[in-house]
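Everything on this sheet refers to the single structure shown next.
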Protein chains: 2
Amino acid sequence: MERLAKYCADQDGVPLIAGRVLGWLMICDPPEQSAQQIATAIGASRASLSTNLRLLSSVGFVRVLTKPASRTVYYRVDDDAWEKVVQRQIASLASLGRILQDGTPLAGSSPDRGGRIAVANDVFRWMQQIFDNAPPLPSTTRAAEESRR
Amino acid sequence: MERLAKYCADQDGVPLIAGRVLGWLMICDPPEQSAQQIATAIGASRASLSTNLRLLSSVGFVRVLTKPASRTVYYRVDDDAWEKVVQRQIASLASLGRILQDGTPLAGSSPDRGGRIAVANDVFRWMQQIFDNAPPLPSTTRAAEESRR
DNA sequence: CACAAGGTTCAGTCTTCACTGAAACCTGTC
DNA sequence: GACAGGTTTCAGTGAAGACTGAACCTTGTG
């Protein structure tokens, strides 16, 4: 499992160890762990853990929990972490689409030159449309159920 | 424009110059260019061009055209290049979802431990569903129109 | 106050990789 | 067969960045 999360880590731009941390935090018991515990669990230095945990929490994939009357800080995967991953990947694609769109004038409108960009713009419009018509995200649904109780 | 495509290049894992090549090939006139032309256009060494063009064509973003009675090789962006970009990004997300799914048993089924993964699986099911219900890709539509003529 | 547990910062090592110039490799042309 | 245009391969350089051990800061506890 950790090895698989690591695979996805170097497929993305995430540092190797951050991937392992995520992998471990997904299956560990209890769900919240101290930096120390994580360090020994995945066999990395505390220094690296410090860096990677800050990274992960700054991008909102893990949440920081402090228990009262204890100087230990606990970490836990955010429930919406993977949803964020998906959302950001999509957002990144959308911004790529916007870049292409902004560049459209550079090619002019003659069919030979503008054709390439026109096709590209079609693709991103297609994508945009899909998500506009998409059902609500699981997290939204979950929140709604939560409040209905 | 080239600068923007470059931004998206280092956002992804693509070498800087490959991004510039794509940017240039999107707006150049004529649409097909020799390695030489591209090299001077974006100011990179021919060696680098050779490497990056091979990379780009191996992943199917540019197509190689050889004109008869000439040893020059011409390159052109594939019409479906950006569609491939989108598709692969999605595919990558889907494979991430599969990894998470495969790891589900590792957390067991107690609500405290399995809950995290269950939520994650929901997200990827949601994504899967969106694309199952999606309209056909622009390229498919385009091909259909082509053949209808 | 001394101590120790938890965490962070710093300097250094090591790996990876994009890029380049120069040499080598075709392949048509004279 | 020599030659020249076009491209590829190769060794080398430089930069980016992940990871670590060691020193340092902080904060409850005896």
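Below, all heavy atoms of this structure are taken into account, side chains as well, without hydrogens, waters or symmetry copies. Below, chains carry the letters A, B, ... as their sequence lines are ordered, and counting in each starts from 1.
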Separation between CD1 (A:Ile27) and CG (B:Leu106), nearest 0.5 Å, reads 5.0 Å
Any side-chain heavy-atom pair from B:Gln33 and B:Leu25 closer than 4.5 angstrom? yes
Close approaches to DNA chain C from residues 47-67 of chain B, in residue order (heavy atom, under 4.0 Å): B:Ala47, B:Ser48, B:Asn52
Enumerate the ring pair (Phe, Tyr, Trp, His ring centres under 6.0 Å) contacts for residues 48-107 of chain B, please, sequence neighbours excluded, ordered by first and then second residue. none
Looking at every heavy atom in both A:Ala18 and A:Leu56, which two are closest together, and how far apart are they? O-CD1, 3.8 Å
What integer distance in Å separates A:Arg46:CZ from D:dA23:P? 13 Å
I need the residues from residues 9-21 of chain B with at least one non-hydrogen atom less than 4.0 Å from DNA chain C; give them sorted by number, or say none. B:Pro15, B:Leu16, B:Ile17
Let me spell it out: for each of A:Arg71 and B:Ala44, pick the nucleotide of DNA chain C with the closest heavy atom. Which residue's pick is nearer the 5' end? A:Arg71
Run B:Val62 and B:Leu22 through side chain to side chain contact (heavy atoms under 4.5 Å, CB included) and show every step you take. CA-CA 8 Å; B:Val62 309; B:Leu22 277 182; 4.2 Å; yes
B:Arg116: what forms a side chain to side chain contact (heavy atoms under 4.5 Å, CB included) with it, not counting sequence neighbours? A:Met26, A:Cys28, A:Pro31, A:Arg76, A:Val77, B:Arg113
The correct set of residues in residues 30-41 of chain A placing a heavy atom under 4.0 Å from DNA chain C is A:Ala35, A:Gln36
Do the side chains of A:Leu49 and A:Ile42 get nearer than 4.5 Å, heavy atoms only? yes
Side-chain touch B:Trp24/B:Arg20, heavy atoms, less than 4.5 angstrom: no
Atom pair CZ/CZ of A:Phe131 and B:Phe131 - distance to nearest 0.5 Å: 3.5 Å
Listed pairs under 3.5 Å, donor-acceptor, residues 89-100 of chain B side chains, sequence neighbours left out:
from, atom 1, to, atom 2, distance (Å)
B:Ser92, OG, A:Gln11, NE2, 3.3
B:Ser95, OG, B:Ser92, O, 3.1

